[in-house]
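Chain A is the first sequence line, chain B the second, and so forth, proteins listed ahead of strands; every chain is numbered from 1.
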Number of protein chains: 2
Amino acid sequence: MRRGLSQFMTPFRIIIIAYIAAMALISFFLYLPVTHKPGVNMSYMDALFTSVSAVSVTGLTTIEVAETFNYFGIFFIALAIQLGGIGIMTLGTFVWMLFGRRINLSQRMLIMVDHNQYQFSGMVKLMRGILLTALAIEAVGALVLGTYYIQYFDSIGEAYYQGAFGALSAFTNAGLDVTGNSLIPFANDYYVQFVTVLLIIAGAIGFPVLMEVREYLRSKQDNFRFSLFTKVTVSTYAVVFVIGIIGILLLERGYYFAGLSWHETFFQTMFTSATARSAGLSVLEVSDFTIPTILFISGLMIIGASPSSVGGGIRTTTLAVMFLTIRSFALGKSDVKVFGREVHPEDKQKAFIVLSFFAVGLFGAVLSIAAIERGNQAVEFSDIIFETSSAFGTCGLGTGITSSLSDPSLMILMMLMLIGRVGILVFLFSVKRKDTKSHYKYPTERMIIG
Amino acid sequence: MRRGLSQFMTPFRIIIIAYIAAMALISFFLYLPVTHKPGVNMSYMDALFTSVSAVSVTGLTTIEVAETFNYFGIFFIALAIQLGGIGIMTLGTFVWMLFGRRINLSQRMLIMVDHNQYQFSGMVKLMRGILLTALAIEAVGALVLGTYYIQYFDSIGEAYYQGAFGALSAFTNAGLDVTGNSLIPFANDYYVQFVTVLLIIAGAIGFPVLMEVREYLRSKQDNFRFSLFTKVTVSTYAVVFVIGIIGILLLERGYYFAGLSWHETFFQTMFTSATARSAGLSVLEVSDFTIPTILFISGLMIIGASPSSVGGGIRTTTLAVMFLTIRSFALGKSDVKVFGREVHPEDKQKAFIVLSFFAVGLFGAVLSIAAIERGNQAVEFSDIIFETSSAFGTCGLGTGITSSLSDPSLMILMMLMLIGRVGILVFLFSVKRKDTKSHYKYPTERMIIG
Ligand SMILES: [K+]
Ligand SMILES: [K+]
């Protein structure tokens, strides 16, 4: 019996079970009336959806967080965001360490998997570094935003409360808000937008990148070499960020941006391009955009952020490997090269798997929700594509249909948020029982493809 | 100068130029008033679109073929379909042979590329076999349908004309019709539907499969071994065909099929599942379906038919490799195995490239057309997805928006039809100049993916 359980409990399954357990636990607290504001009547489905959305740092909600929960409820939401954002396993291990236990191999394995890492050595150090860096960034963000917010809010306490939650939600790319209307109240405050974008990017650029930058700053070497991962993910992130700005500008020029000043246009566009990649906070109503822009932003949400970050999506590296592989094929080269390095065949295979799974999953989810909501007049087809991309990419932007969706649709979205947060590769790995190496080999035979 | 041209003219570029030349030439004839019925006034854009649609065996049209062209015009359309369906290079080589020339290596190379083949030997024999088989199937189809049509049409000539064009359009999966209303007049004639589905499948299952089946029938061996390609493509084709039937039934039960008898429901579903994979003929108005079904059929059109067939799409083998790779990864296996053979790593890479290119291309095209047609009230967003999938998959089913689209949108669709017919891999190969082998090698470095 014991043996059966230890056979069942692969590291990948433990990760998923940990996320599901956290979602269930938080949903329980969010369902309790003691976490609600007076007069709120909430279904368990709403509580569960809020919890899944918070732990998966997505940000879609069927209810209005600020109107529904009291400070006690917001505390649980903040906890859920912190858990999901920095990684349940990292936090868990930290707590474990506080209690003085030694970290054993299988626990290191868990952290490694949770952050998609491939090396054992220095994992605990890395994990401690991640946690400290994350908390430091959040603290600075809370201080900067909170102090600035004093002019906006009645009390200093409220200002720092708003600043702290805003910084937490931005850095973890959770996308939830306690302002009651995301960042739309700050649509003309470029300082708030700029600080928030910096926090969003710090969370979405990937923890290994932050660690390498820290190491670079400390080493003071002229010949410091950034890893291939850092080079690829940062450059892809930057390129998609710029393409996002240009695309939204071109698509909404003469539509949404008609009548806005150049600086309003620029800042709202920049913020939207940054937030669409995984953050989900917003300085405008996405539903005011025209359908092509809705589709374009869906694409940005599908691309998502860096792997091993608080963000989701197919991830920047997958997109980069897609384009690099197409390019090298078109040029008649058999290897895929970038930044003076060759991409590992296994990494190409992983990118293929992520893309395939995401395409099939997104298609199936959009189809199912479209069929379920066929009679629902409040829901446009383009909204379904947007909402589904937002959930699978754990972005959290929405056109406002979430609360109109029926329970089966919400369950599909929750499933997407879970897989999106856990990551497609970890999710697939969890299917496997124990090591089942195949000891036989078949002859290879070519086929015609495409 | 001579050397410069021969440098430029890679086999892949010749293929594409041949298709474009055929499209241009046929468009010229279709624009001439001598090919039109009395009173028809046609723009060159309509003629070009019809020609591109015919040569790429897609079947989307901005005009009604039966009302626009006289028998002379229909002859050119039939020629275009035959050229595009069986492959310009195959037909060209056949003509070459008729004139007694020997087939040299670079010509064999062309046929090889046109049919995605990898072996030189027996290529001419294969090509002759393909042509004879195709013509034989078309002739039998024309005879069977024509004879049966005598009861429907006023003259025997008209019956065989309709039968011949119907068989040609079905086998080449061209999807064009001279009935004036696709196969909707035969919505309750199961004999016509059954024969047409057989012809559609014969064209879409892939020429190598037909050749192997012929060889199998001739060899009369008990231990005849079908190739991995044939096994994978036929089984995938069959599975998607059945899923198509079940999906359409489930999605339209209580909607389109409400009030229809079980046999009407079954035959219309079966026909739609078969035609959606690349044929484009129809026994019903697709626009009568609800939006989820429109999306589902878009998916079937994107999957498409077998490689090296008259059909398009990402192709059955790409879909199979996608699922097999996901499966083997989830089971923790490094190799992808199927039917007692291992899939070649290069074939996995090709499937990845086809999927990536198709995804990016489809997204870009839908986005562009949605932006171009933003003010067009006649065009729904779901129609744009359907139309674009239909063009890229060279399927030709439509919800009736083609004639409402503006010229820039039509040009995007023509580009998709060309790439769809030529094939993504050949299209990408055409980018490359001459052999540019890279003689240097970079070190491999791992990244985090997904
Ligand atoms: K988010
Ligand atoms: K077709």
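- When heavy atoms are compared at a cutoff of 4.5 Å, A/Leu319 does not approach chain B at all.
- Contact check for A/Met322 versus B/Phe357: no side-chain heavy atoms found under the 4.5 Å cut-off.
- If you measure heavy-atom distances from A/Tyr255 to chain B, the contacts under 4.5 Å come from the side chain alone.
- Of the listed residues A/Thr290, A/Ile385, A/Leu367, A/Ile369, the one with more heavy-atom pairs under 4.5 angstrom with chain B than any other is A/Leu367.
- Of the two parts of A/Val232, only the side chain, counted from C-beta on, holds a non-hydrogen atom closer than 4.5 Å to a non-hydrogen atom of chain B.
- The parts of B/Val366 that come within reach of chain A are both its backbone and its side chain, each placing non-hydrogen atoms under 4.5 angstrom from that chain.
- Scanning both residues, A/Leu251 and B/Ala371, for their nearest heavy atoms gives CD2-CB, 3.9 Å.
- With a threshold of 4.5 angstrom between heavy atoms, B/Thr316 does not approach chain A through any atom at all.
- Within 6.0 Å of the CZ atom in B/Phe323, the count of heavy atoms belonging to other residues, nucleotides or ligands does not exceed 12.
- Comparing B/Phe329, B/Phe381, B/Phe427 by how many heavy-atom pairs each has under 4.5 Å with chain A, the most go to B/Phe329.
- If you measure heavy-atom distances from B/Arg374 to chain A, the contacts under 4.5 Å come from the side chain alone.
- Of the listed residues (B/Ser227, B/Gly312, B/Gly340), the greatest number of heavy-atom pairs within a distance under 4.5 Å of chain A belongs to B/Gly340.
- Between the CD1 atom of B/Ile424 and the CD1 atom of A/Ile326 there is a distance of 8.5 Å, given to the nearest 0.5 Å.
- Both the backbone and the side chain of A/Leu295 have a heavy atom closer than 4.5 Å to some heavy atom of chain B.
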In sequence, state the C-alpha distance, the side-chain angles, and the governing distance for A/Thr325 and B/Ser356, and then conclude on side chain to side chain contact (heavy atoms under 4.5 Å, CB included). CA-CA 9 Å; A/Thr325 309; B/Ser356 301; over 6 Å; no

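- Proximity to chain B is absent for every atom of A/Phe339, based on heavy atoms less than 4.5 angstrom apart.
- For the set B/Leu428, B/Val336, B/Thr230, B/Val360, the entry with the most heavy-atom pairs within less than 4.5 Å of chain A is B/Leu428.
- The candidate from B/Arg327, B/Glu373, B/Glu380, B/Gln349 with the greatest count of non-hydrogen atom pairs under 4.5 Å with chain A is B/Gln349.
- Heavy-atom pairs under 4.5 Å with chain A were tallied for B/Leu250, B/Ile384, B/Ile291; the largest tally goes to B/Ile291.
- For CZ of B/Phe363, the number of neighbouring non-hydrogen atoms (other residues, nucleotides, ligands) closer than 6.0 Å is greater than 12.
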